[in-house]
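All remarks here apply to the structure that follows.
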2 protein chains.
Amino acid sequence: MSTETVVVSAADYDACPVTRLLRRIGDKWSPAVIRLLATRTHGFNELDRSIEGISRRMLTRTLRALEDDGLVSRTPQASTRVEYALTPLGHSLREQLSALGQWAAAHDGATLSVDPR
Amino acid sequence: MSTETVVVSAADYDACPVTRLLRRIGDKWSPAVIRLLATRTHGFNELDRSIEGISRRMLTRTLRALEDDGLVSRTPQASTRVEYALTPLGHSLREQLSALGQWAAAHDGATLSVDPR
DNA sequence: CCGAATCCAGGCGGATACTG
DNA sequence: CAGTATCCGCCTGGATTCGG
């Protein structure tokens, strides 16, 4: 019990909630989708148009992933309209990310030194 | 038209602090390194042994990236020893991630959480 | 309007061997 | 001990086309 070596095992890698979460929403488009859905619900093409540069393919994949995580709900309206919205869990996460965004914005110039907007 | 369309442009994608942060530390090994360095400083091979499954190559790359972000400091001791530590900024981020981990663990049903110490 | 299917390039990350 | 260098598989993500 003298020198205690903490080992981050592969099990830990899979088990650590924050690691999983970061890998899930740390992809290219999830944050943009979450941000848009935070204000109001959107249709598919509406999201497609609003997120500059995204492909329909990746929008589909991103939405499916967020849906699987219970962060986004998908409700077909007419046969021509599908509505995507943040679930309560999604809104909850959004708040957390918002807090993280406060931190990031505050320490941004010092660390990543990219042009502040 | 009075319908206001919020567009997440490519510029926004680059500018959004939280998006950049998530993409930076949302990689495979950064969280593990941050967690280990949160408790105490480590040498290179010490980290290598402690993080199960990581290759020296990826450990180097991860450390360099964290160093570039100002989250980790690298201080050569002897010619045979280099010490890695979390910077104050790194500790600051670690606290934020810990809070996020609390949230993740609560909504995850996960077994292990980020043990804060 | 809302996707699915296919094809393809680039980057992330692993394995291995070598250096000071 | 603390890395580099090289090769390579795989997965992410973009472009395009097709279907309901």
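Proteins come first, then strands; the chains are lettered A, B, ... in the order of their sequence lines, and each starts at number 1. Because the structure is a prediction, the values reported are computed rather than measured.
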Does A:R40 come within less than 4.0 Å of A:E83, counting only side-chain N to carboxylate O? no
Test item: B:T41 and B:T75 side chains (from C-beta on) under 4.5 Å apart, heavy atoms: no
Rounded to whole Å, how long is the line connecting atom [atom1] of [X] with atom [atom2] of [N]?
| X | N | atom1 | atom2 | value |
| --- | --- | --- | --- | --- |
| A:R49 | C:dG3 | CZ | P | 14 Å |
| B:L47 | D:dC1 | CG | P | 12 Å |
| A:R24 | D:dT12 | CZ | P | 11 Å |
| B:K28 | D:dT12 | NZ | P | 11 Å |
| B:R23 | D:dT12 | CZ | P | 11 Å |
| A:F44 | C:dG3 | CZ | C1' | 6 Å |

DNA chain D contacts made by residues 56-64 of chain A, counting heavy atoms under 4.0 Å: A:R56, A:R57, A:M58
B:D48 and B:R56 have their tightest heavy-atom pair at OD2-CG, 3.3 Å
Nearest of [options] to any side-chain atom of [X]?
| X | options | answer |
| --- | --- | --- |
| A:V82 | C:dC2, D:dC1, D:dG3 | C:dC2 |
| A:Y84 | D:dG14, C:dC2, C:dG3 | C:dG3 |
| A:S55 | C:dC2, D:dG14, D:dC1 | D:dG14 |

The residue, B:S79 or A:G26, whose nearest nucleotide of DNA chain D is more 5′ is B:S79
Without swapping roles, check the side chain of B:S73 against the backbone of B:T87 for a donor-acceptor pair under 3.5 Å. no
Donor-acceptor check, side chain of B:H107 to backbone of B:A105, threshold 3.5 angstrom: yes or no? no
Yes or no on side-chain contact (heavy atoms from CB on, under 4.5 Å) for A:Y84 and A:V33, after CA distance, side-chain angles and deciding distance? CA-CA 10 Å; A:Y84 291 96; A:V33 170; over 6 Å; no
